[in-house]
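Heavy-atom basis, side chains included; hydrogens, waters and symmetry copies ignored.
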Amino acid sequence: MPERFGVTPPPGWDDQVLPHHEVVGLGAGPANLSLAALGADQLPSGAVLFERREGPAWHPGLLGAGTQLQTSWIKDLVSLADPRNRLSFLNYLVTTGRIYAFLNAQYESIPRLEYARYLAWAAGELGCVRYGTQIDEVDFTGGRFVLSGPDGPLATADHVVFGLGTRPEVPACFEGQDIEGVVLAEHLESHLAAVSAKPYEQVIVVGGGQTGAECVLNLLQRGYRDIRWIGRRPWFAPMDDSPSANDFYRPTYLRFFQGLPEGVRERYAAEQTLTSDGVSMATLQQLYQANYEASLREGRSPVMMLPGRSVVEVAHRHGTIALWCERDWGGRERHAARSVVLATGRRATPLPLSARLLDLMETDTSGEPVIDSDYSIRWKHSERNRMYVQNRSRVGHGLADPNLSLLAVRSAVILNSLLDRQAFAIRDEQMSTVWA
């Protein structure tokens, strides 16, 4: 067992005052649930996860009818690293009595609602999630991390894994504004439940990715018949799910990518974005077919598709929201509606690091902590006390990092690093593509 586990508490600490944990995860989303599931039989005391929500939840506002994952169910919390683990998706289906109904439904991809329930089941099985616990700051003193909430210190830890997920990103013209009728995509479901649909009242959806497409479909299913869909790309691009594109989501490619110069990694991450951020082909087909069939019945298509436009200005007057868009080919145009849905992407949640801890870290030119190949942060005391970061190193670790595809692999890498041994063998040997 590495020396950094089971270290004698430093002088001055009273273990009766604050509970102490060897490994703490901040956030109980898929990333840290995967870590806890794989680490349950490997870490001396397992991992304890602190989650600010009051109970299990995974993108609760984006679980509408027909929404499905863009990754295979085999890429669950554990199977790519430990297929015999009891917290696999297959075991979830069997132990909850859903396996035959699931198989007979013949899904190509699993419903998001099913995945959310799988995560809640795994969290319940683990029993290590401390819900309703908000951590506002992580500090380091006396040889261990101190985790504090709104009312002061809550616990100490030897090692911390940040899995804080993302928060909505909106166009600059919406920043800091509270405009009635502007709804974030993740709040659309609750918003629609609270209002009565007015079919020919215009609604604008901003964001040309998968979430934007699902918002459009949700509005169609609710009876809306005058929807304008705005996207920045020159077309509403489908996700590249080809075999060659999926080579980017393999451990072998990850190792190759990490060895590239930073400028090349940045260029590759931009060029490969549609292998992760495009719209599922099935979703696009469903939307186009809904438009076509409506035109047969009603003589008009309910969705006007507006690619190649960036929203740069917004105004609100007398209950109407006006948007001005810059077009790729030049010029501006104006669109107006009583409701606007923003599905414009997400960005990493800031790390709750104290100023003292930041001073002990190595940072890049943007002020972000430098993250090594094992997802650990470079800092002064990393030999004895380690910090790891999940879901926020797209340029450093490739497009798979903020994606669900390599959850189990990333968790296995972190655990191997924590334990200083190969607790999990990550094998990826049969490659037809030669990277280096």
Side-chain angles (χ1 to χ4, degrees), residues 61-70 104-114 181-183 185-242 274 277-311 319-323 325 327-329 331 333-344:
L62 299 174
L63 304 177
T67 58
Q68 298 184 0
L69 287 188
Q70 292 181 297
N104 286 354
Q106 299 184 353
Y107 286 106
E108 290 187 11
S109 300
I110 68 173
R112 279 205 191 141
L113 180 57
E114 182 83 272
V182 175
V183 182
E186 61 191 43
H187 299 153
L188 179 59
E189 195 75 26
S190 58
H191 172 77
L192 292 177
V195 300
S196 56
K198 299 176 181 177
Y200 291 98
E201 182 177 285
Q202 193 173 100
V203 181
I204 298 173
V205 175
V206 183
Q210 179 70 18
T211 301
E214 290 173 355
C215 288
V216 172
L217 284 174
N218 194 347
L219 290 165
L220 281 172
Q221 292 163 358
R222 298 287 185 129
Y224 287 87
R225 288 297 178 268
D226 192 356
I227 305 165
R228 297 191 181 189
W229 186 20
I230 297 174
R232 286 185 304 174
R233 293 192 181 109
W235 82 115
F236 291 98
M239 186 176 77
D240 186 348
D241 195 28
S242 64
L274 288 179
D277 296 344
V279 185
S280 294
M281 184 65 75
T283 304
L284 280 175
Q285 290 171 336
Q286 188 179 355
L287 195 152
Y288 269 78
Q289 289 168 7
N291 244 2
Y292 182 80
E293 292 177 18
S295 70
L296 291 177
R297 290 191 304 270
E298 305 167 19
R300 63 183 296 277
S301 297
V303 182
M304 180 187 294
M305 306 177 76
L306 300 163
R309 293 159 171 88
S310 298
V311 178
T320 298
I321 303 165
L323 305 181
C325 302
R327 301 179 301 203
D328 281 354
W329 55 93
E333 62 187 34
R334 177 182 180 275
H335 299 276
R338 295 186 67 83
S339 299
V340 173
V341 182
L342 297 181
T344 45

Residues forming a side chain to side chain donor-acceptor pair (under 3.5 Å) with Arg233, sequence neighbours excluded: none
Close side-chain approach of Ser339 and Val183, heavy atoms under 4.5 Å: no
Non-neighbouring partners of Asp277 that pass salt bridge (Lys or Arg N to Asp or Glu O under 4.0 Å), sequence neighbours left out: Arg394
Separation between CG of Asp226 and CD of Gln202, rounded to the nearest 0.5 Å: 4.5 Å
Between SG on residue Cys215 and CD1 on residue Ile204, distance to nearest 0.5 Å: 14.0 Å
Check against side-chain contact (heavy atoms from CB on, under 4.5 Å), Val340 and Leu323: CA-CA 9 Å; Val340 173; Leu323 305 181; 4.2 Å; yes
Trp329 side-chain N/O to Gly308 backbone N/O, donor-acceptor pair under 3.5 Å: no
Value rounded to 0.5 Å, distance of CD1 in Ile110 from CD in Gln70: 12.5 Å
Test log, rule side-chain contact (heavy atoms from CB on, under 4.5 Å), inputs Leu192 and Leu219: CA-CA 8 Å; Leu192 292 177; Leu219 290 165; 4.0 Å; yes
Separation between CG of Leu342 and CD1 of Ile230, rounded to the nearest 0.5 Å: 10.0 Å
SB check Arg225 Glu201 (cutoff 4.0 Å): no
Which residues share a side chain to side chain donor-acceptor pair (under 3.5 Å) with Arg112, sequence neighbours left out: Glu214
Any residue meeting salt bridge (Lys or Arg N to Asp or Glu O under 4.0 Å) with Glu108, in chain and number order, not counting sequence neighbours: none
Side-chain heavy atoms of Pro302 within contact of Leu220, under 4.5 Å: yes
Which residues share a side chain to side chain donor-acceptor pair (under 3.5 Å) with Asp240, sequence neighbours left out: Ser242
Contacts of Gln68 that satisfy side-chain contact (heavy atoms from CB on, under 4.5 Å) - sequence neighbours left out: Tyr107, Ser109
Test side-chain contact (heavy atoms from CB on, under 4.5 Å) applied to Pro307 - qualifying residues, sequence neighbours left out: Phe236, Arg309
Spacing of CG belonging to Leu69 relative to CG belonging to Leu113, to within rounding of 0.5 Å: 11.0 Å
Nearest heavy-atom neighbours spanning Ala237 and Leu274: CB-CD2, 3.7 Å
Could you give the side-chain donor-acceptor pairs of residues 281-294 under 3.5 Å, partners two or more places apart or in another chain?
| residue | atom | partner | partner atom | Å |
| --- | --- | --- | --- | --- |
| Thr283 | OG1 | Gln210 | NE2 | 3.1 |
| Asn291 | OD1 | Val303 | N | 3.0 |
| Asn291 | ND2 | Val303 | O | 3.0 |

Under 3.5 Å side-chain donor-acceptor pair for Glu333 and His335: yes
Met304, CE: over 12 other non-hydrogen atoms inside 6.0 angstrom: no
Listed partners of Arg232 passing salt bridge (Lys or Arg N to Asp or Glu O under 4.0 Å), at least two apart: none
Within-4.5 Å side-chain heavy-atom neighbours: Ile321 and Val182: yes
Qualifying residues under side chain to side chain donor-acceptor pair (under 3.5 Å), relative to Glu186, sequence neighbours excluded: Arg346
